[in-house]
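A short worksheet on the structure shown next.
Only heavy atoms go into these numbers, but all of them, side chains included; no hydrogens, no water, no symmetry mates. Numbering of ligands and ligand atoms starts at 1, following listing order. Numbering of residues begins at 1 and proceeds along the displayed sequence.
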Amino acid sequence: MTKFYEVRKRDGAARLGRLLIGGAAVETPLLLSVEAVRSGDAPVLPAGAVTEGGNADTDKLLVYDVGELPAGWAAARGVVVLPETHPLAFDARDVKADLYVVGYAPRLLTSSRRLVAEIIRLRENIPPDAALYVPAVATPANVAFLIYMGVDVVDDAAAVLKGYEDVYLTDYGELRLSELENFPCCCEVCTSLSPAELRGLGKRERAELLAKHNSLALKAEVERVRERIRSEMLREYVELRVRTSPFLTAALRILDGEETYLEKRTPVARRSPLLANTMESLRRIEVKRFAARVVKRYTPPHRKVLLLLPCSARKPYSQSQSHRKFISAISEFRGHIHEVIITSPLGVVPRELEAVYPAAFYDVPVTGYWDAEERSWVGSCIEAYLRKNLIERGLYEHVVVHLGGGALEIFKGVAEKLGLEAFYTCGDGKEETAKRALERLRSCISELCAEKLPDKDAKANMIRAMADYQFGSGVGDVLLEGAEIEIKGKYPAYKVVSGGEALAEVAPEYGLLRLSLSGALRLHNSGFRAYEVRLNYVPRAKSAVLAPAVEDADPQIRVNDEVLLKDADGNLVGVGRAKMSGWEMVAAERGVAVEVRAVR
Ligand SMILES: [Zn+2]
């Protein structure tokens with residue numbers, strides 16, 4: 001609980017926020033200058049630097065040692081959190097502040113594991129709407145990762161110090177001044193002289209100029225990171241940045257193992273594409289979450305033939321040239337067939353889920369080569385799908401595999417493990433869209449299905465699958481129950497209508513269903529109690545619900561989830577889109593929790 005810090009936007013654990021200091025707002029991620037701190041010009045100062053009585057009316061955020069925290073709380077204030085091993089260490093949960101400063105922070109850089117573990121421990125022990133300041137650690141190479149982990153404030157102390165050690169910092173690592181022939185930078189220092197000229201200067205002047213460049217390089221990187229958070233692409237940027245050092249690459253891999261920490265901070269959908277360019281992309285929360293929901297929440301339609309197809313660059317797949325060819329080859333029999341796409345890094349994408357996030361929003365480099373990690377991950381997804389739906393549920397009579405190359409090899413490995421028989425229609429497996437392969441697909445399908453049967457349920461199946469994927473198993477049936485249900489609109493922007501009243505529509509820009517008030521009421525009346533937010537007042541339509549108004553919220557709610565708004569007695573009062581995770585709405589004292597769409 002804090003009074004003077006507010007998170008405005010999130011991208012995973014990273015945030016854009018603002019600290020309210022002396023009536024003015026300071027944006028985070030914030031880079032403090034040690035020079036400004038020393039001269040008293042920085043917005044954040046050690047409390048000892050200010051003469052007595054300076055707390056209540058200061059225009060600075062003062063940082064106290066824990067024993068010195070003043071009792072009143074009329075201005076933004078910070079507190080230094082000591083390492084657990086320090087004799088004066090205290091539990092950060094016992095102290096309320098707007099900013100928490102990590103004491104002796106450079107020790108975090110002694111190992112990747114320590115850095116990740118300590119930041120997570122701190123972040124989990126302080127309020128979500130408090131800022132975390134890690135001093136004397138940031139460099140242009142590591143600051144993206146620090147902010148990605150949830151650090152809100154850094155300074156240029158380490159960058160300045162490096163200047164005094166004749167080290168020239170770049171966003172890809174450290175260079176020795178003695179090694180440089182040209183400066184790979186356009187800052188005011190680097191454009192004013194050459195490395196040789198800089199080497200010719202006296203120690204002090206040289207150090208000051210190097211320190212200035214290092215600070216400017218850090219500042220530029222912090223600006224890039226802010227911009228990446230704004231465009232919801234920080235993860236892709238961090239995967240790129242950590243490549244410059246084994247320490248940071250190891251730290252990202254360790255962080256990716258901390259699924260709980262990242263999962264509860266990762267939005268359910270984003271507007272930006274998911275670019276799976278590195279090995280670490282396979283371990284992203286969005287990828288793991290999608291695979292888990294396909295197995296846990298999704299129920300395939302009962303069909304005679306399971307048809308496995310390759311992915312396409314264009315999304316949703318059915319809009320691609322290759323998928324148009326597949327669909328035209330099987331169209332007369334489509335009512336017998338369940339189409340499932342095999343792809344990296346998502347694994348298994350049922351046709352009905354091709355428009356959800358991230359299935360319609362990812363891109364991956366395609367070379368035909370699948371590395372061992374990809375094979376093992378995608379193979380595990382195929383295996384889980386077949387075990388549940390083919391072996392346990394017995395949904396299909398036949399499996400037709402229209403895959404080539406690496407995807408085919410992966411499938412064959414799984415089939416061998418499970419003792420499955422399948423029909424392979426790609427011949428030598430090289431070109432799934434070749435005329436001969438399509439012919440083989442057509443004749444295999446017509447032989448297995450015998451009778452023609454167009455797919456009349458495609459639209460309803462898509463809505464049902466999307467609802468189950470988003471809200472949980474069985475919710476799709478509730479939404480589509482009744483003879484009056486119609487599905488209108490053009491793919492993929494379908495709208496579910498009952499007796500002239502809209503219940504829900506596909507929001508293609510997010511790959512999620514958007515509920516109307518009638519749709520929310522239908523779910524509520526059926527006994528559906530998940531994704532609810534209990535409020536202490538009745539909001540107005542198109543307004544924003546602020547965190548203090550939230551009494552309780554379903555902990556599985558993530559940013560961009562559709563949520564049902566309830567009053568204290570549990571009556572449905574409205575519907576909206578979450579702007580915070582459910583746990584954060586409950587814990588936070590500031591910030592927008594839900595954007596209200598409609599109220600009763
Ligand atoms: Zn420079």
Side-chain angles (χ1 to χ4, degrees), residues 14 16 26-39 41-44 105-106 108-109 133-149 151-231 233-234 236-249 251-252:
L16 295 180
V26 180
E27 304 289 325
T28 70
L30 170 66
L31 171 65
L32 293 173
S33 140
V34 282
E35 187 54 46
V37 171
R38 199 180 323 154
S39 64
D41 290 339
V44 176
L108 301 182
L109 297 185
Y133 173 19
V134 180
V137 164
T139 64
N142 72 19
V143 75
F145 183 72
L146 292 175
I147 294 170
Y148 179 68
M149 273 197 297
V151 173
D152 304 293
V153 183
V154 295
D155 62 37
D156 65 358
V160 166
L161 204 65
K162 288 285 178 188
Y164 284 81
E165 295 166 359
D166 276 338
V167 173
Y168 179 92
L169 295 180
T170 71
D171 47 22
Y172 52 89
E174 298 183 359
L175 304 172
R176 301 298 309 180
L177 177 60
S178 55
E179 293 165 2
L180 284 168
E181 262 184 54
N182 292 97
F183 286 130
C185 172
C186 299
C187 81
E188 54 183 273
V189 175
C190 299
T191 48
S192 69
L193 79 184
S194 71
E197 286 165 336
L198 185 58
R199 281 191 292 265
L201 298 178
K203 170 76 187 165
R204 189 184 173 91
E205 202 182 347
R206 191 171 76 227
E208 278 171 2
L209 287 169
L210 268 177
K212 186 162 194 188
H213 155 82
N214 288 350
S215 281
L216 288 170
L218 180 58
K219 184 166 181 261
E221 179 69 359
V222 170
E223 286 303 329
R224 285 191 284 266
V225 171
R226 276 190 203 198
E227 194 281 318
R228 292 285 80 187
I229 299 174
R230 237 171 254 131
S231 53
M233 297 281 290
L234 182 60
E236 283 77 5
Y237 190 69
V238 165
E239 287 181 13
L240 163 81
R241 267 294 160 262
V242 301
R243 281 290 169 277
T244 56
S245 108
F247 179 94
L248 289 171
T249 303
L252 179 60

- Query: Any N/O/S atom, backbone or side chain, of Cys187 lying under 2.8 Å from the Zn ion (ligand 1)?
  - Reply: yes
- Message: Any side-chain to backbone donor/acceptor pair from Asp155 onto Leu32? Under 3.5 Å, distance only.
- Response: no
- Query: What angle, in degrees and rounded to 10°, do you get at the Zn ion (ligand 1) when you join it to SG of Cys190 and to SG of Cys185?
  - Reply: 110°
- Query: Just how far is it from atom OG1 of Thr170 to atom CG of Asn214, taken to the nearest 0.5 Å?
  - Reply: 9.5 Å
- Item | Test item: Arg241 side-chain N/O and Leu248 main-chain N/O as donor-acceptor pair under 3.5 Å | no
- Message: Between Asp166 (side chain only) and Leu177 (backbone N and O only), is there a donor and an acceptor less than 3.5 Å apart?
- Response: no
- Note on the structure: Among N, O or S atoms, His213 approaches the Zn ion (ligand 1) most closely through ND1
